[in-house]
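Contents: one structure, followed by commentary.
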Amino acid sequence: MTQDLTWSQRLDAADDVVLNPSTARPFGSILAQRLGAIGTPAGLTASTALGGAGAIVAASLFSGKTLSRRGLMKGAAASAALATSAGAMATVATATPARAAEGGSSLTFPALPQVYDANSHVADGYEIQTLIRWGDPVVAGAPDFDPANQSAEAQSQQFGYNNDFVAFMPLPRGSKTGDHGLLCVNHEYTNPHLMFPGLADGEIDKLTRDQVDIEMAAHGHAVIEIKREGNTWSVVKDSPLNRRITALATEFEITGPAAGSDRLKTSADSTGTKVIGTCNNCAGGKTPWGTILFAEENFHGYFMGDVEKTAEAENYKRLGVGGGSYAWGTFHDRFNVEKEPNEANRFGWMVEYDPYDPNSVPKKRTTLGRFKHEGATTVLDKNGHVVVYAGDDQRFEYVYRFVTAGTYNPDDRAANMDLLDEGTLSVARFNEDGTLDWLPLVHGEGELTAKNGFNSQADVMIDARKAADLMGATPMDRPEDVEPNPVNGIIYAAMTNNTKRKADQVNAPNSRAINRHGHVVEMIPPGTAADGDGANADHTADQYTWDIFLLAGDPSKPEDGAQYGGDVGPDGWLSCPDNVAFDSKGRIWIATDGGPKSGIADGVWAADVSGPGRALTRRFYACPQGAELCGPEFTPDDAAYFAAVQHPADEAGSTFDNPSTRWPDFDDAMPPRPSVQVIVKTGGGAIG
């Protein structure tokens with residue numbers, strides 16, 4: 001165990017093992033082909049392009065849209081830059097226009113300075129309200145939080161730990177109200193040494209059965225009714241719509257092609273159609289018919305045991321199952337693969353449930369594939385099909401798209417409720433010519449046959465990673481949120497980082513080796529336009545184009561190879577983009593996970609996606625120390641922004657008994673508490 005890393009960093013490091021056996025086409029050969037097609041500028045070679053930030057400069061050659069829409073490198077200036085040495089190219093790649101470019105942004109808030117301290121911060125002119133914290137009552141009759149007397153029974157009725165995905169669902173259902181609704185929140189994972197007294201970081205062997213059950217109750221999802229009065233938000237106490245979904249006791253239904261598969265049957269469920277619980281619920285999405293999708297991401301870490309003693313060894317090794325980071329399998333046999341060898345096949349799915357019905361049974365939709373889902377975001381295509389985008393959050397994994405077989409009926413909600421059970425899951429191949437192909441994962445097509453272990457569509461969905469490998473998908477730099485912009489129809493995919501990518505593994509959409517800071521990729525369906533026209537986007541097309549929106553990092557450090565839309569200054573740069581959201585104007589808001597490794601707090605940055613402010617990021621919010629920012633989410637009127645703050649005080653040496661911050665209560669009787677904050681403009685009005 002690496003003691004100089006925090007609990008969350010160790011979980012991330014444990015997932016930093018490269019599990020993908022596929023290899024990307026070497027960038028040198030891609031570059032040589034591409035340069036051959038366009039004509040090599042004097043002095044540039046493939047080996048030169050691989051040096052330092054030269055790879056980033058060369059990457060701008062891959063998409064004509066980068067040159068025409070961004071205008072960062074043009075004509076003779078680009079040729080001159082490319083003709084220089086690799087070192088000089090690094091300077092060109094990070095050089096930016098004068099700070100006067102900031103005036104071209106449509107954002108009106110002043111940039112929040114880079115900060116890292118015990119509290120959260122927001123830009124001048126805005127106010128922070130803490131809406132709900134770990135342990136606060138959710139369902140009617142729930143007890144108040146008592147950190148010295150926790151129980152699984154109480155936690156099952158209280159707000160869970162490490163709030164992640166946030167969705168605002170207006171009340172009444174189907175309205176566009178911005179002052180009353182349901183807030184639907186994921187609870188991704190737990191930090192036991194910050195939850196319970198007497199534990200050092202990593203001492204999971206000291207956890208009791210009661211503490212493990214509290215952890216399981218703290219996972220899952222919460223629904224809370226919230227209202228705004230004046231400019232102040234609050235939770236509606238004892239609302240009949242409030243709900244907790246947990247890993248400990250909630251029953252889920254398994255639907256779609258894998259439902260009933262022998263590979264999903266266990267001693268507790270001989271049908272392969274029901275399962276208790278969910279875990280590692282990261283990001284999610286909303287459907288046009290008003291249901292919620294939430295992810296099961298790094299589920300592998302909850303299982304212990306020797307996978308070689310199971311019939312699922314190949315499958316489990318491809319996902320990293322076994323040798324878990326949690327003690328659940330010590331007390332619950334189903335989390336030990338030697339005792340319940342199929343249980344892990346019942347996790348790693350996307351879940352759908354109806355937040356407006358507190359009695360609805362959550363359903364694991366196996367049509368959306370089994371992998372480490374960061375989330376699943378939807379868009380209603382112009383032809384009526386619903387399209388779902390998802391990232392598989394691990395280094396060298398893939399971007400996916402699902403298209404429903406049926407079409408959405410706006411006049412019959414009941415007819416849409418199982419729309420996600422039939423359709424086609426595809427995986428993305430990013431080509432060096434700036435095009436993107438969607439490769440269907442359909443049993444019997446291509447390599448997805450019995451000779452490769454696929455005997456049915458159920459096998460394809462259970463082993464979605466293996467299927468994507470065989471289809472030749474492009475390994476990406478840890479794809480997390482994949483989000484459609486409702487204004488311009490372009491899909492924005494956050495690639496958080498990949499320090500494992502070597503120089504000979506660089507590919508066109510992942511243009512940096514040892515990518516510490518991550519980047520944002522645009523996937524552009526036919527029919528879109530840079531300044532809008534999202535309604536005409538064809539999200540069912542077999543081929544898109546793609547572009548790089550930004551390359552994160554500190555532009556003052558040439559070795560970072562950062563690239564933005566202009567001079568973002570010392571406060572505007574970001575590291576490790578994780579989740580994104582869009583306001584009603586189509587501006588992008590980027591939440592980060594990993595900033596502290598570069599000396600800055602995680603938080604959220606905003607930018608225009610077109611015009612002079614394109615990719616000109618500006619910091620809006622900063623987390624307290626040790627925390628990352630999740631969400632993000634707006635009300636329909638843009639008057640409130642919800643910030644989900646995970647694992648405050650998760651720093652080296654910080655514990656329940658002696659935390660580095662007691663955010664947000666700053667009360668000696670309270671430990672640090674993951675919380676959802678709501679940000680409003682002072683005096684009211686739209687944010688941004």
Side-chain angles (χ1 to χ4, degrees), residues 4-6 8-9 12-13 94 96 99 102 105 107 109-124 126 128 477-478 480-481 494-499 512 514-520 549-581 588-607 615-632 641 643-652 654 660-661 663-664 672 674 677 679:
D4 58 345
L5 297 179
T6 68
S8 299
Q9 288 171 341
D12 183 58
T94 57
T96 49
R99 287 297 301 281
E102 184 172 340
S105 172
L107 297 167
F109 64 85
L112 176 70
Q114 302 284 19
V115 62
Y116 190 84
D117 62 24
N119 211 345
S120 52
H121 301 270
V122 71
D124 286 347
Y126 292 83
I128 298 175
D477 282 353
R478 193 178 162 194
E480 297 213 27
D481 201 11
M495 305 295 148
T496 295
N497 54 48
N498 185 359
T499 57
R512 292 181 290 187
I514 314 177
N515 182 7
R516 296 182 178 89
H517 298 289
H519 57 290
V520 177
F549 179 69
L550 63 79
L551 296 161
D554 184 349
S556 71
K557 298 179 179 179
E559 64 272 19
D560 281 3
Q563 192 169 332
Y564 299 91
D567 181 5
V568 297
D571 301 321
W573 65 273
L574 59 95
S575 181
C576 302
D578 188 332
N579 291 101
V580 301
I588 191 170
W589 296 71
I590 305 172
T592 66
D593 173 16
K597 289 182 286 187
S598 297
I600 62 173
D602 280 322
V604 70
W605 286 253
L616 197 63
T617 52
R618 191 180 302 181
R619 183 192 269 275
F620 179 70
Y621 175 90
C623 290
Q625 62 195 64
E628 70 169 281
L629 187 67
C630 303
Y641 166 81
V645 178
Q646 275 194 6
H647 55 78
D650 188 20
E651 298 183 291
S654 179
S660 60
T661 177
W663 185 93
Q677 295 192 312
I679 298 167

Given side-chain contact (heavy atoms from CB on, under 4.5 Å), test V568 with L616 step by step and report yes or no. CA-CA 6 Å; V568 297; L616 197 63; 4.1 Å; yes
What distance do [X] atom [atom1] and [Y] atom [atom2] have between them, rounded to the nearest 0.5 Å?
| X | Y | atom1 | atom2 | result |
| --- | --- | --- | --- | --- |
| N515 | M495 | CG | CE | 10.5 Å |
| C623 | H647 | SG | NE2 | 8.5 Å |
| D578 | Q646 | CG | CD | 8.5 Å |
| Q563 | F549 | CD | CZ | 12.0 Å |
| E628 | N579 | CD | CG | 8.5 Å |

For a 4.5 angstrom cut-off between non-hydrogen side-chain atoms, does [X] reach [Y]?
| X | Y | value |
| --- | --- | --- |
| F620 | L107 | no |
| R516 | N497 | no |
| V122 | F109 | no |
| L629 | V645 | yes |
| W573 | S598 | yes |

Looking at every heavy atom in both [X] and [Y], which two are closest together, and how far apart are they?
| X | Y | result |
| --- | --- | --- |
| G626 | Y116 | N-OH, 3.0 Å |
| A622 | V115 | CB-CG1, 3.6 Å |
| A552 | P577 | CB-CD, 4.2 Å |
| P674 | P672 | CD-O, 4.1 Å |
| I679 | A643 | CD1-CB, 4.5 Å |

Please determine whether side-chain contact (heavy atoms from CB on, under 4.5 Å) holds for the pair W663 and N119, giving the CA-CA distance in whole Å, both sets of side-chain angles, and the decisive distance to 0.1 Å. CA-CA 6 Å; W663 185 93; N119 211 345; 3.4 Å; yes
Determine, stepwise, if the pair D477 / T496 fulfils side-chain contact (heavy atoms from CB on, under 4.5 Å). CA-CA 7 Å; D477 282 353; T496 295; over 6 Å; no
Kindly write out the residues that satisfy side-chain hydrogen bond (donor to acceptor under 3.5 Å, both in side chains) with D117, not counting sequence neighbours, or none if the list is empty. H121
Treating [X] as the side-chain partner and [Y] as the backbone partner, does any N or O pair qualify as donor plus acceptor under 3.5 Å?
| X | Y | answer |
| --- | --- | --- |
| D571 | Q114 | yes |
| S120 | P624 | no |
| H517 | D554 | no |
| Q625 | A118 | yes |
| R512 | D560 | yes |
| S660 | S654 | no |
| R619 | Y621 | yes |

Aromatic contact, Y641 with Y126 (centres under 6.0 Å): no
Go through the structure and list residues passing side-chain contact (heavy atoms from CB on, under 4.5 Å) with T592, not counting sequence neighbours. L574, D602, W605
